[in-house]
Peer 1: 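Below is one structure. I have some questions about it.
The analysis underlying the following values was restricted to heavy atoms, covering all of them including side chains, and did not include hydrogens, waters or symmetry mates. Just so you know, these numbers come straight off a predicted model, no measurement behind them.
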Amino acid sequence: MHIMSSIMRKVLILILLPLLSMAIINSSVIIFSVNSYLVDETFNKLLDTARHESADMEDLFSDIESLISVLSISLGSVFSMSSYREAGDSYLKDYRDYISPQIQKAAAIINDCNGLYFMFSPAYGSVPTQVWYNKMNGTDLFERVFEYPDPKDFNPEDPNLEYYYKPLETQKAFWSDTYIDVDTGDALISFTAPVFVESEIIGIAGFDLSLASIKEKLAEITFKNEGYAFLVNSRFDFIYHPRYPMNTPLEEVLGENNKLLLEELTSGNSQNTVVYRFLGEKKRMGYKRLKNDWVLGITAYEKEIFSPVRSIQNILLGISSIILLIAVLISYTAARFITKPIILLTAEVKKSLENLDSSVENPQLLNRKDEIGNLSRKFRELQWDFKKTLDRIIQDNVSLERLAQLGNQVGAFTHEIKTPIGIVLTSLTFSEDVLSQLHSKIESKKLTEREMLTLLSKIKEGISLGIGNIEQAKKIIKSFKNIAIAQSDIKPEQINLNELIDDVSSNFSICNKNNNIQTELKMSPELELESISGYLTQVFNNLFQNSIYHGFHDRQEGKIIIEATINNENVLIKYSDNGVGIPEENAEKIFKPYFTTAQKRGGTGLGMHIIQTIIHNYLHGSIGYDKNHKPGVLFHITLPVKWIIPNQKEI
């Protein structure tokens, strides 16, 4: 008895020491993993927030630049240099009155416009003159303001007049620094561009952008409870900060202890994350540099980020202790009674994890009359239930993912169609004004042949500009319509494969316009097959999404190539991209449900499995992956040319 007790003590010691070491190591690894995950997740969210908010500002700036570009061309096209040379200041006054309605209409196109104006160059007229519309306080109406500024106010050395003199000197468009409007007290920036007539600059067209809505939007951004957003200009003076007034230098706020942060922001990187100290507390920040060299930062306190970890650490230590005790008891029992059946059952479980279609069929386990036998039978039932549930989830996800993709595309198409419609409005207004001028000349019987040809040419130019943008809008609407119809259609029909893939590609180009992802189709324009366009569209939607989300993640450019040929009764399709590709060790797992390498970025691991399910079960084809293809990925898809009536129920 004493010998048996001694042996048991030694066995328990041999069991306890490794288990205790494993428990400590596992707890440490888990705590470290939680910390690492939280760091990565925080940096990703900070950077993603900065990217998202900066993209909205970049779009606004691009819309302003397009508007001023069209307005500059329009203003230059209606100015007659010969009439000015004959009539002088009198013609300039008539010209200002003529372009005034055009400027007033253009001012209402962009919501954040504070003022839109045209100012003559000092070489035209006895004093600098202008047509200037400002938004009236508290309304969306634009009112024409003073027309004849005092000449003594125009000094080329005055830095406040850079918006006026810079385009005249450089003959290029110019974004100003932030400033406070002396009349309204509003924070503004200006975009001005030269207006050319016969290779001469007659003046500038300008747009005053109110920063109120930008600052208001930034003020609403929070991260955790105390995190916030800030915006600095190219000199690193605050445009917005929740604590400091505009134009406060960032260097003055940070002090000497944050040279590394200043070096990072001045390095020229377009985006990054950084750790720094502020007022004695450690913080983390993600930032994005805009194309005008402004920097948008999203920052959060580290103590707030890691406060949940302290509780998690205590919980993990308690759980580890409990697990250790349970593991000792189970190990003690297993060592005496169930070592062999556990090994068998473990092998079956491992087999089922590697292949979800398999189940426990070993008679040595199923025929046992004890708990191991009962566990084996229950586990087999669980496998069957899991397989049925998984099939149902995958079927539901096919439909839900199709609707989610369509919903995500609506916002992108709405924004994309705004610019061509705005330009159409401006071009039609321009054509209307030139027609009015032509009509006036005809009535006064002063119309020369040369003037008539000039005016007709201008009308043609305006109409052509409008037609071009209408065609662009029609193309966008058609693409969205085709995608929307295809996503909801589950009936077999004759499909032009080239047109279907082109619609999917156009859709992704619009939704990801900040990326230069090119698509090349290598197939006959007449290649057709009978299939279900809704499912086929979803297959290519998922493939494109995988390329952009995984293959071109953190990349600004890439290429997708799709080839298709007909071989006997099948369509053979090759889908490839030149992205990062799939690691060789993961090549055999990509079609398995819930396998993902992008869990931290929200990946579910169902994308490729859904593609395989749709192609195999509903399109009656096959898909395979070529692991030897470099770089990027290559998928081989085989589909029947003629639709096969399914045996199973459709989704």
Side-chain angles (χ1 to χ4, degrees), residues 52-72 74-75 102-119 130-145 159-167 172-195 203-221 229-235 237-241 245-247 288-296 415 418-419 422-423 425-426:
H52 175 74
E53 299 300 332
S54 63
D56 289 345
M57 280 188 273
E58 297 271 18
D59 288 345
L60 175 60
F61 295 159
S62 295
D63 290 346
I64 292 171
E65 291 174 357
S66 298
L67 175 64
I68 292 301
S69 175
V70 173
L71 183 62
S72 298
S74 176
L75 294 177
Q102 185 178 348
I103 293 176
Q104 186 179 24
K105 290 179 182 178
I109 291 178
I110 296 179
N111 292 334
D112 294 308
C113 179
N114 188 74
L116 194 66
Y117 46 88
F118 167 79
M119 299 179 66
Q130 61 191 21
V131 178
W132 196 305
Y133 279 89
N134 268 1
K135 185 175 286 187
M136 299 175 64
N137 291 334
T139 72
D140 290 327
L141 301 177
F142 286 86
E143 180 179 71
R144 188 169 176 178
V145 296
N160 293 324
L161 291 175
E162 271 194 320
Y163 77 95
Y164 176 70
Y165 285 105
K166 202 77 171 180
K172 295 180 181 178
F174 173 72
W175 277 103
S176 76
D177 285 329
T178 54
Y179 61 95
I180 302 297
D181 186 86
V182 294
D183 296 319
T184 64
D186 293 332
L188 306 174
I189 59 170
S190 298
F191 178 75
T192 51
V195 177
I204 64 154
F207 185 106
D208 289 343
L209 172 66
S210 172
L211 297 178
S213 62
I214 293 177
K215 294 168 71 173
E216 186 175 292
K217 188 173 182 180
L218 292 177
E220 294 174 356
I221 298 174
F230 68 87
L231 184 66
V232 295
N233 61 21
S234 58
R235 297 194 308 271
D237 299 333
F238 283 123
I239 297 170
Y240 168 78
H241 191 285
M246 192 175 77
N247 292 327
K288 179 71 171 67
R289 190 181 307 277
L290 282 66
K291 64 180 180 181
N292 61 350
D293 275 340
W294 290 5
V295 175
L296 173 64
H415 178 79
K418 177 182 176 184
T419 297
I423 295 176
L425 175 62
T426 301

Peer 1: T178: which residues meet the side-chain hydrogen bond (donor to acceptor under 3.5 Å, both in side chains) condition with it, sequence neighbours left out?
Peer 2: N247
Peer 1: Nearest 0.5 angstrom please: L60 CG to E65 CD, how far?
Peer 2: 10.0 Å
Peer 1: So which heavy atom on K215 is nearest to which on I239, and how close?
Peer 2: CE-O, 3.9 Å
Peer 1: Who passes side-chain contact (heavy atoms from CB on, under 4.5 Å) against D186, sequence neighbours left out?
Peer 2: N114, T184, L188
Peer 1: Going from CD on E53 to CG on L290, what distance comes out if it is rounded to the nearest 0.5 angstrom?
Peer 2: 11.0 Å
Peer 1: Restricting to side-chain hydrogen bond (donor to acceptor under 3.5 Å, both in side chains), what partner residues turn up for S69, sequence neighbours left out?
Peer 2: none
Peer 1: Distance from I103 atom CD1 to L75 atom CG, nearest 0.5 Å?
Peer 2: 5.5 Å
Peer 1: Determine whether Y164 and T192 make a side-chain contact, defined as any pair of heavy atoms from C-beta on separated by less than 4.5 Å.
Peer 2: no
Peer 1: side-chain contact (heavy atoms from CB on, under 4.5 Å) with Q104: which residues, sequence neighbours excluded?
Peer 2: Y133
Peer 1: With sequence neighbours excluded, what pairs up with S74 under the side-chain hydrogen bond (donor to acceptor under 3.5 Å, both in side chains) test?
Peer 2: Q102
Peer 1: Just jot down the salt bridge (Lys or Arg N to Asp or Glu O under 4.0 Å) partners of D112, sequence neighbours excluded, or say none.
Peer 2: none
Peer 1: Could you tell me which residues satisfy salt bridge (Lys or Arg N to Asp or Glu O under 4.0 Å) with E162, sequence neighbours excluded, listed by chain and number?
Peer 2: none
Peer 1: My understanding is that only residues two or more places apart in sequence, or in another chain, count here; which of them pass ring-ring contact (aromatic ring centres under 6.0 Å, His included) with Y117?
Peer 2: W132
Peer 1: With S72, which residues qualify under side-chain contact (heavy atoms from CB on, under 4.5 Å), at least two apart?
Peer 2: I68, A193, V195, A205
Peer 1: For W175, check ring-ring contact (aromatic ring centres under 6.0 Å, His included) against everything at least two apart and list the hits.
Peer 2: F61, F191
Peer 1: How close do Y240 and A219 get, heavy atom to heavy atom, and via which atoms?
Peer 2: OH-CA, 3.2 Å
Peer 1: To the nearest 0.5 Å, how far apart are CG in D56 and OG in S213?
Peer 2: 10.5 Å
Peer 1: Is there a side-chain contact between I110 and L209 in this structure, where contact means two heavy atoms from C-beta onward sitting under 4.5 Å apart?
Peer 2: no
Peer 1: Within the structure provided, determine whether L71 and L116 are in side-chain contact (heavy-atom separation under 4.5 Å).
Peer 2: yes
Peer 1: Going by the rule salt bridge (Lys or Arg N to Asp or Glu O under 4.0 Å), which residues pair with E58 if we only count those two or more places apart in sequence or in a different chain?
Peer 2: none
Peer 1: Could you tell me which residues satisfy side-chain contact (heavy atoms from CB on, under 4.5 Å) with S234, sequence neighbours excluded, listed by chain and number?
Peer 2: D177, D293
Peer 1: After noting the C-alpha distance and the side-chain angles of L218 and L296, does the key distance pass the side chain to side chain contact (heavy atoms under 4.5 Å, CB included) rule?
Peer 2: CA-CA 9 Å; L218 292 177; L296 173 64; 3.6 Å; yes
Peer 1: To the nearest 0.5 Å, tell me how far W294 CH2 sits from I214 CD1.
Peer 2: 6.0 Å
Peer 1: Using side-chain heavy atoms (C-beta onward) and a distance below 4.5 Å, is Y163 in contact with M119?
Peer 2: yes
Peer 1: Which atom names give the shortest non-hydrogen contact between I180 and M246, and what distance separates them?
Peer 2: CD1-CE, 3.1 Å
Peer 1: Could you state the interatomic distance from OH (Y179) to CG (D208), rounded to the nearest 0.5 Å?
Peer 2: 4.0 Å
